[in-house]
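We use all heavy atoms of the structure for the numbers below, so side chains are in, but hydrogens, waters and symmetry mates are not.
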Amino acid sequence: MSLAPVRGCVVLRPYGYGLWERLVAELDARFKATGHENAYFPLLIPESLLVREQQHVEGFAPEVAWVTQGGGEPLAERLAIRPTSEVTIMTMYAKWVQSYRDLPLLINQWANVVRWEKRTRPFLRTLEFLWQEGHTAHASATEAAEEVQRMLGVYADVAENVAAVPVYAGEKSESERFAGALHTFSIEALMPDGRALQAGTSHEFGQNFARAYGIEFSAEDQTLQHAWTTSWGMSWRMLGGMMMVHGDDRGLRIPPKLAPVEVVIVPIHKGESGEVRAAARELQQRLAGAGFRVRLDEREQSPGWKFNEWEMRGVPVRIELGARDLAAGAVTVVRRDRAFKEEGQKTTVPLEDTPLRLRALLDEIQRSLFAQAKAFLESHTIAARDRETFVRLLRERAGMIEIPWCELAACEAAVKEATSATTRNVRRPARGPTCVACGEPAKAQAYFAQSY
RNA sequence: CGGGAUGUAGCUCAGCUUGGUAGAGCGCUCGGUUUGGGUCCGAGAGGCCGCAGGUUCAAAUCCUGUCGUCCCGACCA
């Protein structure tokens with residue numbers, strides 16, 4: 001990744017984009033498996049269309065970028081660059097949906113969006129970012145609610161089992177809710193500095209958008225009804241979270257399932273050793289044939305230089321192949337999830353067994369990275385029992401601070417005033433009778449934290 | 001939007017106080033050497049000192065303005 005010649009934007013170079021492609025592949029397969037199809041909608045939104053859903057517009061107004069000229073002339077109507085595509089997609093759904101037989105409508109879009117944030121951070125908050133947004137319409141509230149939970153589950157699965165980032169899934173508070181939604185659910189991860197990162201969201205709109213954009217259908221009982229809609233999104237921010245969670249002082253550590261390169265082969269030879277070179281190429285062929293994402297590094301730099309380079313890039317496994325290995329009919333296998341010279345970092349594997357051993361090793365690395373992150377999350381999730389401790393932990397940015405909570409907006413605002421922390425999400429029921437923050441009756445169990 | 005920094009080689013930066021021939025490390029190119037944890041030696045290429053104005057015999061350096069970027073805060077899916 002590099003900074004771009006535009007404020008608050010980044011360029012993904014091939015290796016970084018490779019990470020995104022892996023995330024896309026994993027998400028897309030799950031979307032398809034749950035019955036969704038991909039489609040594409042325009043980047044620009046006419047202002048008149050945008051303003052239909054009141055809360056939605058008000059929520060996004062401050063961060064919308066506008067196009068006011070085209071072809072060298074002022075436009076009769078400003079065009080918004082989409083900050084999200086609800087309004088365009090709902091407008092189209094209104095045309096497509098007439099009968100309950102047209103439902104559910106299950107569509108996903110892979111797209112870029114622009115949100116004019118006052119303050120940006122590379123990867124975690126950029127003006128333009130890549131994401132996917134799923135938009136569905138249903139014939140009943142129950143069905144829509146199920147969809148929202150199903151996709152929240154997909155996000156939690158991808159975060160934990162692909163990116164190896166443990167998360168808490170739950171519902172957003174009223175103040176953190178998506179503009180225009182009835183309920184917003186999120187997955188929240190914890191970064192090493194004690195701040196929480198929202199890594200995916202799933203929204204239940206009820207009939208709000210359907211009313212604003214006219215999505216009506218004839219129901220089975222012959223009544224005319226508005227559809228129940230949902231939307232859900234995950235962005236490349238997930239990758240930023242993954243890098244922060246797993247990175248160490250030698251650079252990135254990428255979980256195998258997300259790694260553009262799972263295995264790098266570094267040949268080690270003096271001068272022109274045709275034998276080593278040929279053996280390395282043969283190994284690469286074999287591993288590629290067995291389905292591994294493998295790269296052979298034949299550049300001129302010294303082996304030591306390459307070791308450092310690939311470690312910084314986070315490749316899970318490195319295979320060193322030199323004359324010594326060749327003579328022994330073996331390769332040296334080095335795993336990135338272990339520290340330099342730590343027990344087990346380097347092992348010797350018979351050349352013949354390499355594919356088999358590699359598969360097992362990659363699985364083990366995937367598990368080990370998740371386990372390390374999980375242990376961190378658990379040790380930094382603290383149940384506060386009294387207000388004083390609660391406030392102190394939040395100020396110290398100690399992690400996810402868990403309390404029985406009243407769900408009152410005023411209480412949340414007061415906590416924010418005192419600590420700058422907010423609720424991340426909540427689960428029901430509460431595990432205590434009264435709110436630790438303010439003493440009112442508790443309604444839910446909430447995670448509070450400083451957030452990105 | 002408020003506060004603070006900063007802009008000099010591809011990158012990271014020194015030089016500015018006290019005006020006078022444009023610097024270092026890394027990277028890049030070439031030759032040699034080396035290759036199991038960022039080899040070493042030598043030779044080279046590369047800069048409108050963010051931009052505009054001013055002061056001066058003379059400006060990277062002093063003054064004014066302007067633009068960009070970064071950090072802290074307020075705001076924020």
Set out, in order, the CA-CA distance, both residues' side-chain angles and the distance that settles side chain to side chain contact (heavy atoms under 4.5 Å, CB included) for A:L197 and A:E188, then state yes or no. CA-CA 6 Å; A:L197 184 76; A:E188 304 277 338; over 6 Å; no
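- Listed pair A:R119 / B:G73 meets the phosphate criterion, a side-chain N or O lying under 4.0 Å from OP1 or OP2.
- Between the side chain of A:K346 and the base of B:G37 there is at least one donor-acceptor pair of N/O atoms closer than 3.5 Å.
- Within 4.0 Å (heavy atoms only), A:T184 reaches no atom of the nucleic acid at all.
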Expected output check: what is the dot-bracket annotation of RNA chain B, where ( ) and [ ] are pairs inside the strand (brackets for crossing ones), | is paired with another strand, and pairs are Watson-Crick or G-U under 3.5 Å? (((((((..((((......[..)))).(((((.......))))).....(((((..]....))))))))))))....
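- Note: CD (A:Q301) to C1' (B:C40) measures 16 Å, nearest angstrom.
- For A:E311 against B:G37, a side-chain-to-base donor-acceptor contact under 3.5 Å is present.
- Geometric assessment of A:R250 against the ring of A:W310 yields a negative cation-pi assignment under the 6.0 Å and 45° thresholds.
- Comparing B:C76, B:G38, B:G36 by their nearest atom to the side chain of A:E309 picks out B:G38.
- Comparing the same atom, P, in B:A52 and in B:A59 gives a spacing of 14 Å after rounding to whole Å.
- Comparing the P positions of B:C62 and B:C16 gives an interatomic distance of 9 Å, to the nearest angstrom.
- Nucleotides B:G36 and B:C30, compared at atom C1', are 29 Å apart to the nearest Å.
- Computed from coordinates, the A:N425 CG to B:A77 C1' distance equals 15 Å when rounded to whole Å.
- For the C1' atoms, the distance from B:G46 to B:A22 is 12 Å, rounded to whole Å.
- Taking for each of A:K341 and A:Y452 the nucleotide of RNA chain B with the nearest heavy atom, the 5'-most of the two is the partner of A:K341.
- Using a 4.0 Å heavy-atom distance criterion, A:E320 is classed as a base contact.
- The phosphate of B:A77 (OP1 or OP2) has no side-chain N or O of A:T84 nearer than 4.0 angstrom.
- In terms of heavy-atom proximity, A:A137 sits nearest to A:Y93 at CB-CD2, 4.0 Å.
- Taking the centre and axis of the six-membered ring of A:F129, the NZ or CZ atom of A:R237 falls outside the cone set by 45° and 6.0 Å.
- The heavy-atom pair separating A:A144 from A:W228 by the smallest distance is CB-CB, 3.7 Å.
- For A:T332 against B:G36, a side-chain-to-base donor-acceptor contact under 3.5 Å is present.
- Among the atoms of the strands shown, base atoms are found under 4.0 Å from some heavy atom of A:F340.
- With rounding to whole Å, A:W305 atom CH2 is found 13 Å from B:G38 atom P.
- The side chain of A:E63 lies closest to B:C76, out of B:G38, B:C76, B:G37.
- Taking the C1' atom of each, B:A60 and B:G50 are spaced 12 Å apart, rounded to whole Å.
- When atom types are taken as modelled, the side chain of A:Y213 and the backbone of A:I89 share no donor-acceptor pair closer than 3.5 angstrom.
- Because its NZ or CZ atom is not both nearer than 6.0 Å to the ring centre of A:Y447 and within 45° of the ring axis, A:R424 does not count as a cation-pi partner of that residue.
- When heavy atoms are screened at a 4.0 angstrom cut-off, A:A323 is found touching base atoms of the nucleic acid.
- Nucleotides B:G3 and B:A77 place their C1' atoms 27 Å apart, quoted to the nearest Å.
- Put simply, the side chain of A:R318 and the base of B:G37 share a donor and an acceptor less than 3.5 Å apart.
- Distance noted for atom P between B:G15 and B:C75: 39 Å (whole Å).
- The same atom, C1', is picked in B:A45 and in B:U61; the two are 28 Å apart, to the nearest Å.
- The aromatic rings of A:F178 and A:H56 lie tilted to each other, with the angle between the two planes from 30° to 60°.
- At the heavy-atom level, A:F178 lies under 4.0 Å from the strands shown only through sugar-phosphate atoms.
- Base contact: A:Q345 has a heavy atom under 4.0 Å from a base atom.
- Environment of CG in A:L356: sparse, with no more than 12 heavy atoms of neighbouring residues, nucleotides or ligands closer than 6.0 Å.
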